[in-house]
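Per chain, numbering begins at 1; letters A, B, ... match sequence-line order.
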2 protein chains.
Amino acid sequence: MPSDMAAQQGRKQGPGRPKDEEKRKAILDAACRQFLENGIAATRVDRIASEAGVSKMTVYAHFGDKAGLFAASVRSRTETLAEALADLPDPPADLRRALITYGTAFVLFLRSPDVLRLDLILATEAATHPEIAAAFYESGPGVVLGTVTGILRQACERGMIRLPDVDKAADSLVASWCHGPDWIAQRLALRGPPTREEAQERVQRSVDWFLAAHAVKPQD
Amino acid sequence: MPSDMAAQQGRKQGPGRPKDEEKRKAILDAACRQFLENGIAATRVDRIASEAGVSKMTVYAHFGDKAGLFAASVRSRTETLAEALADLPDPPADLRRALITYGTAFVLFLRSPDVLRLDLILATEAATHPEIAAAFYESGPGVVLGTVTGILRQACERGMIRLPDVDKAADSLVASWCHGPDWIAQRLALRGPPTREEAQERVQRSVDWFLAAHAVKPQD
DNA sequence: TAATTCATGGACTCACGGGTACAATAATGA
DNA sequence: TCATTATTGTACCCGTGAGTCCATGAATTA
């Protein structure tokens, strides 16, 4: 990622001691933890520095100011999460099984505490950091939506189901998997994340509705 | 609401000048606006006071401190919103029409900027103000879920549809109405609230799936 | 009228935390 | 070795904003 280096360092490795990449990583790591745990306002730069085992001046040397540190750390976190999403196995050929497999993975992903916190912070900060919010959407929910849309579109082309509007159908289907009142309750700390069984059961139910309503050939 | 008075004032109207209820209202009003707009940390008590046309001391006399002010203002806002939800018209007899009518109202409600902000702030603050979060859930999402569950249960009893688990079905159905990636995009300020037409179209689609999949009489 | 409580506004205290200054030291390229 | 840049620790500056103090005046009950 050379563009990243250019954007972050801005200097071509002139003479003198180079910046320590390990320290940079450590700072980003600590910053992620702190920002996710406390939000922007309540996070102390001093604490990040000490947790990273680094002096405060080093933090400012690498990232300029608190906002820059936030942006960089969220960006790195977003990339990490996006990789996790990209690592899903190939979809089974069977449509129903493909939807259930992916759906369960998505639910577990989208309701993991880290993603929940990240979503929360970015939603709070969307007004002041629109590019970050957009990047998060693209590499998180956008990927989920795109994958499901692809699966559905393919199934339509193969004549397995019939959908008047694939995009909207995908949106509603994903919604029915992930974001019910039950999910709201988790956001409000009224319950924990679902177990794998709960997630799967929930997705299976939605998928079965969906297929029952849209399948071309008669089924039960 | 006498319990409210007792909790807030604590004194039985002794001698001397009584507290001005209008000022109290004005303070709450300004506080709601500010907290919804900026969140807790970024809200300035001075600003609330000046916007309410009141001295800062008066704010502290009425609400003790910033946290108390926040709690009181969110409570009042939650009550207001709950009233809006309670004001919905009686459900039409027709099941499909009832679901669509309520669903559209819910979507417009849950995606209104105010509710979105409130949800966001409470989710952020859930750890430090669990009772407030719980109260919000009860009078917001909880009411929606309860209403839909009621409608579905009745329909089951009348033999119009068949559902193995009414509660979970209601959760998924509500989710498919409200909280797709499209909604996430709105939270991230990537799009605005849906129009009435969009909301209705979306709900209608979900309801039709649902009924197609669960109707007792033969379907295609 | 007297006693009591509320409200005002402005000045004030005080803790907190972002960001900087500086002097010393370490690592690197030339 | 020399110039250059990174890093450190500590001490510091300084804006900000929550919460308080106080002297004055207004509303209310007895």
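- Applying the salt bridge (Lys or Arg N to Asp or Glu O under 4.0 Å) test to every pair with at least one member in residues 172-196 of chain A, sequence neighbours left out, gives these pairs: A:Arg111-A:Asp182, A:Asp182-A:Arg191, A:Arg187-B:Asp119, A:Arg191-A:Glu198.
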Give me, pair by pair, the N or O atoms of the protein and of nucleotides 17-24 of chain D that are less than 3.5 Å apart, along with how far apart they are.
unit_1 : atom_1 : unit_2  : atom_2 : d
D:dG17 : OP1    : B:Arg44 : NE     : 2.9
D:dG17 : OP1    : B:Arg44 : NH2    : 3.3
D:dG17 : O5'    : B:Arg44 : NE     : 3.2
D:dG17 : O5'    : B:Arg44 : NH1    : 3.4
D:dA18 : OP1    : B:Thr43 : O      : 3.0
D:dA18 : OP1    : B:Lys66 : NZ     : 3.1
D:dA18 : OP2    : B:Val45 : N      : 3.2
D:dG19 : OP2    : B:Tyr60 : OH     : 3.3
D:dG19 : OP2    : B:Lys66 : N      : 3.0
D:dG19 : N7     : B:Lys56 : NZ     : 2.8
D:dG19 : O6     : B:Lys56 : NZ     : 2.9

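- Residues meeting the side-chain contact (heavy atoms from CB on, under 4.5 Å) test with B:Ala199, sequence neighbours left out: B:Thr104, B:Val107, B:Leu108.
- A:Thr128 meets the side-chain contact (heavy atoms from CB on, under 4.5 Å) test with A:Glu125; sequence neighbours excluded.
- Not counting sequence neighbours, the partners of A:Val115 by the side-chain contact (heavy atoms from CB on, under 4.5 Å) test are A:Leu81, A:Phe109, A:Leu110, A:Ser112.
- Going from atom CZ of B:Arg47 over to atom C1' of C:dG9 covers 19 Å, rounded to whole Å.
- Note: B:Phe210 and A:Trp209 have perpendicular aromatic rings, judged against thresholds of 30 and 60 degrees for the angle between ring planes.
- At the phosphate of D:dA6, neither OP1 nor OP2 sits under 4.0 Å from any side-chain N or O atom of A:Thr58.
- Nearest to the side chain of B:Lys19, among D:dT8, C:dC6, D:dT7, sits C:dC6.
- Taking atom CD on B:Glu22 and atom P on C:dA7, their separation rounds to 12 Å, with Å as the unit.
- Checked against ring-ring contact (aromatic ring centres under 6.0 Å, His included), B:Phe106 has the following partners two or more places apart in sequence or in another chain: B:Tyr102.
- If you measure from atom CD of A:Glu21 to atom P of C:dT28, you get 13 Å, rounded to the nearest angstrom.
- Proximity of A:His62 to the phosphate of D:dA6: no side-chain N or O atom is located under 4.0 Å from OP1 or OP2.
- Applying a 4.0 Å cut-off to non-hydrogen atoms, none of the residues of residues 27-37 of chain B approaches DNA chain D.
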Distance-only donor-acceptor pairs under 3.5 Å for side chains of residues 44-54 of chain B, two or more places apart:
unit_1  : atom_1 : unit_2  : atom_2 : d
B:Arg44 : NH1    : B:Ala41 : O      : 3.3
B:Asp46 : OD2    : B:Lys56 : NZ     : 3.3
B:Ser50 : OG     : B:Arg47 : O      : 3.1
B:Glu51 : OE1    : B:Gln34 : NE2    : 2.9
B:Glu51 : OE2    : B:Arg33 : NE     : 2.9
B:Glu51 : OE2    : B:Arg33 : NH2    : 3.0

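- For residues 117-139 of chain B, the pairs satisfying ring-ring contact (aromatic ring centres under 6.0 Å, His included) are B:Phe70-B:His129, with sequence neighbours left out.
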